[in-house]
Amino acid sequence: MKLFDVYPLFDVNIVKGKGCKVWDDKGQEYLDLYGGHAVISIGHCHPHYVEMMAAQMNTLGFYSNSVINKLQEQLAERLGKACGYDDYQLFLINSGAEANENALKLASFKTGRTRVLSAEKAFHGRTSLAVEVTNNPKIIAPINDNGHVTYLTLNNLEAWESELAKGDICACIVECIQGVGGIRMATKEFMQGLQLACRKYGAVLICDEIQCGYGRSGKFFAHQWLDIRPDIITCAKGIGNGFPMGAVLISPEFTPEYGQLGTTFGGNHMACTAALAVLDVMEQENLVENAHLVGQYIIDRLNTMKESEKHITDVRGEGLMIGIELDMPHKEVRRQLLFDHHIFTGCASTNILRLLPPLCFTREMADTFLDKLSLILSRI
């Protein structure tokens, strides 16, 4: 049997990781500014994480949600305090797409409606409802194209309010910092106005924090830069530092019913242990603050480069979620970074470099990347 060939792959086989570095099967070291697509939050193979995961695996790897799991209760308490939503409810699943699926289901259960507003350039996942609210027709199969969604320009409050006023909107779902969309940022004015409009017209406000959340923006959630309080928050990626996990944070306005939602693997013992270890390290090593400080350092240096060097046309982001827009395709720049200088980066669209390093990334590491990027851009 062969693999189903849907991923364009770099010819690199990564076999080891430590902190913000990874190594291939030939022993070559790489600096990681991609974090496995924003998944690695506390660094590769953090010793505390490894110790906790090994101990749990030697105790109990899995049992179903038909019995009490105290680790889930511990995680709910810890996460609530860490993010400032200790009055919310927690539902645990396995991925970001599942988080958005369940958030949209809850919104529909509550409102009895089926229409959703989503942003142009949005990415919310690849499963049924999640892919339908994703603004990319290439990945929406006919069976998923059910007419539930209206896409609107991010930050055009008038357009969103106009649709909400029709009275049939179930939910508005927004990434306050779009990832795949190219580090496009929602404004405070827009999100505060949208929150008020959702309340006025009885719609549910969902903030997708799957990529931009969990400390990446320099606050626990990116929407906290905008002084709003959504009805539902979805997260995944950094929550387990590589162990598959997703979560839905649900306002106390929602009343759960037995059987309303469910999952086989969600919130299992290993996943909860991973999430608890991540919170330990984030708190002990002040990683949210580090993301803010180091991210701002990178953004400041990039803005200086934009003024003095060619090819950089815009710099966007918060914390360690940064987009570098170029006046040319990113492909050759990424190729040279990876194969000539052994630095992993992400991308968006055809001309945007996307930086998503672990939250323990340092200024010294940032300088290494920025110096190599400057060198490459000066020679192209």
Side-chain angles (χ1 to χ4, degrees), residues 14 16-22 30-53 56 74-75 78-85 90 92-96 99 175-177 179 183 207-225 233-249 267 270-296 298 317-322 344-346 354-362 365-366:
I14 296 300
K16 177 185 172 183
K18 188 70 174 177
C20 296
K21 295 180 180 179
V22 293
Y30 299 80
L31 184 61
D32 186 9
L33 278 87
Y34 185 53
H37 205 75
V39 165
I40 301 301
S41 49
I42 62 171
H44 296 277
C45 297
H46 192 287
H48 179 68
Y49 178 88
V50 172
E51 181 181 3
M52 283 187 64
M53 293 294 279
Q56 183 60 49
Q74 291 174 35
L75 177 57
R78 289 280 306 283
L79 177 55
K81 290 179 180 177
C83 70
Y85 283 95
L90 182 66
L92 297 168
I93 54 280
N94 309 288
S95 68
E175 304 159 274
C176 290
I177 306 176
I183 317 299
C207 278
D208 177 340
E209 294 274 353
I210 289 159
Q211 186 170 138
C212 60
Y214 242 80
R216 180 151 298 281
S217 74
K219 288 187 182 287
F220 200 95
F221 290 128
H223 71 259
Q224 290 170 325
W225 287 104
I233 304 160
T234 58
C235 48
K237 293 194 184 293
I239 190 172
N241 201 52
F243 197 94
M245 193 178 201
V248 188
L249 281 64
M270 293 302 298
C272 288
T273 298
L276 288 165
V278 166
L279 288 174
D280 285 346
V281 176
M282 287 177 67
E283 292 166 4
Q284 292 164 8
E285 300 184 7
N286 299 311
L287 293 188
V288 179
E289 181 183 10
N290 185 71
H292 173 59
L293 294 175
V294 176
Q296 191 59 55
I298 295 171
E318 288 282 3
L320 290 174
M321 185 173 183
I322 300 169
F344 273 102
T345 55
R354 187 161 37 135
L355 310 184
L356 304 163
L359 305 186
C360 53
F361 203 68
T362 67
M365 294 171 183

Can you check whether [Y]'s main-chain N or O pairs, donor with acceptor, with [X]'s side chain at less than 3.5 Å?
{"X": "Tyr49", "Y": "Gly240", "result": "yes"}
{"X": "Asn241", "Y": "Gly43", "result": "yes"}
{"X": "Trp225", "Y": "Glu318", "result": "no"}
{"X": "Asn290", "Y": "Thr362", "result": "no"}
{"X": "Glu209", "Y": "Ala222", "result": "yes"}

**Q.** Member of Val288, Leu359, Leu279 meeting the side-chain contact (heavy atoms from CB on, under 4.5 Å) criterion with Tyr214
**A.**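 It is Leu279, the one option of Val288, Leu359, Leu279 that forms the side-chain contact (heavy atoms from CB on, under 4.5 Å) with Tyr214.
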
Q: Run through Ile322, Ile183, Leu320 and flag the one making a side-chain contact (heavy atoms from CB on, under 4.5 Å) with Leu355.
A: Ile322

How many angstroms lie between atom [atom1] of [X] and atom [atom2] of [Y], to the nearest 0.5 angstrom?
{"X": "Gln56", "Y": "Met53", "atom1": "CD", "atom2": "CE", "result": "8.5 Å"}
{"X": "Asn94", "Y": "Phe243", "atom1": "CG", "atom2": "CZ", "result": "9.0 Å"}
{"X": "Arg216", "Y": "Ile177", "atom1": "CZ", "atom2": "CD1", "result": "10.0 Å"}
{"X": "Ile298", "Y": "Leu293", "atom1": "CD1", "atom2": "CG", "result": "11.5 Å"}
{"X": "Lys237", "Y": "Ser41", "atom1": "NZ", "atom2": "OG", "result": "12.0 Å"}
{"X": "Leu90", "Y": "Cys235", "atom1": "CG", "atom2": "SG", "result": "7.5 Å"}

How close do [X] and [Y] get, counting heavy atoms only, and between which atoms?
{"X": "Met245", "Y": "Ala275", "result": "SD-CB, 3.7 Å"}
{"X": "Pro358", "Y": "Gly35", "result": "CD-CA, 4.4 Å"}
{"X": "Met321", "Y": "Gly179", "result": "CE-CA, 3.6 Å"}
{"X": "Gly96", "Y": "Ile210", "result": "O-CD1, 3.2 Å"}
{"X": "Ala99", "Y": "Ala247", "result": "CB-O, 3.7 Å"}
{"X": "Cys83", "Y": "Phe220", "result": "CB-CD2, 3.4 Å"}

Q: Any chance you could lay out the side-chain contact (heavy atoms from CB on, under 4.5 Å) test for Met365 and Val294, step after step, and finish with the verdict?
A: CA-CA 10 Å; Met365 294 171 183; Val294 176; over 6 Å; no

**Q.** Heavy-atom side-chain contact between Cys20 and Cys360 under 4.5 Å
**A.**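 They are in side-chain contact.
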
Q: Go through the steps for His46 and Glu285 under the test side chain to side chain donor-acceptor pair (under 3.5 Å), then give the verdict.
A: CA-CA 12 Å; His46 192 287; Glu285 300 184 7; 2.7 Å; yes

Q | Parallel, tilted or perpendicular: rings of His37 and Tyr34 (30°, 60°) | A |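 If you compare the ring of Tyr34 with that of His37, the planes turn out perpendicular.
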
Q) Does CD in Glu51 sit with more than 12 non-hydrogen atoms of other residues, nucleotides or ligands closer than 6.0 Å? A) no

Q) Who are the side chain to side chain contact (heavy atoms under 4.5 Å, CB included) partners of Asn286, not counting sequence neighbours? A)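 Expected list: Glu289.
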
Q. What about Phe344 and His44, are their ring centers closer than 6.0 Å?
A. no

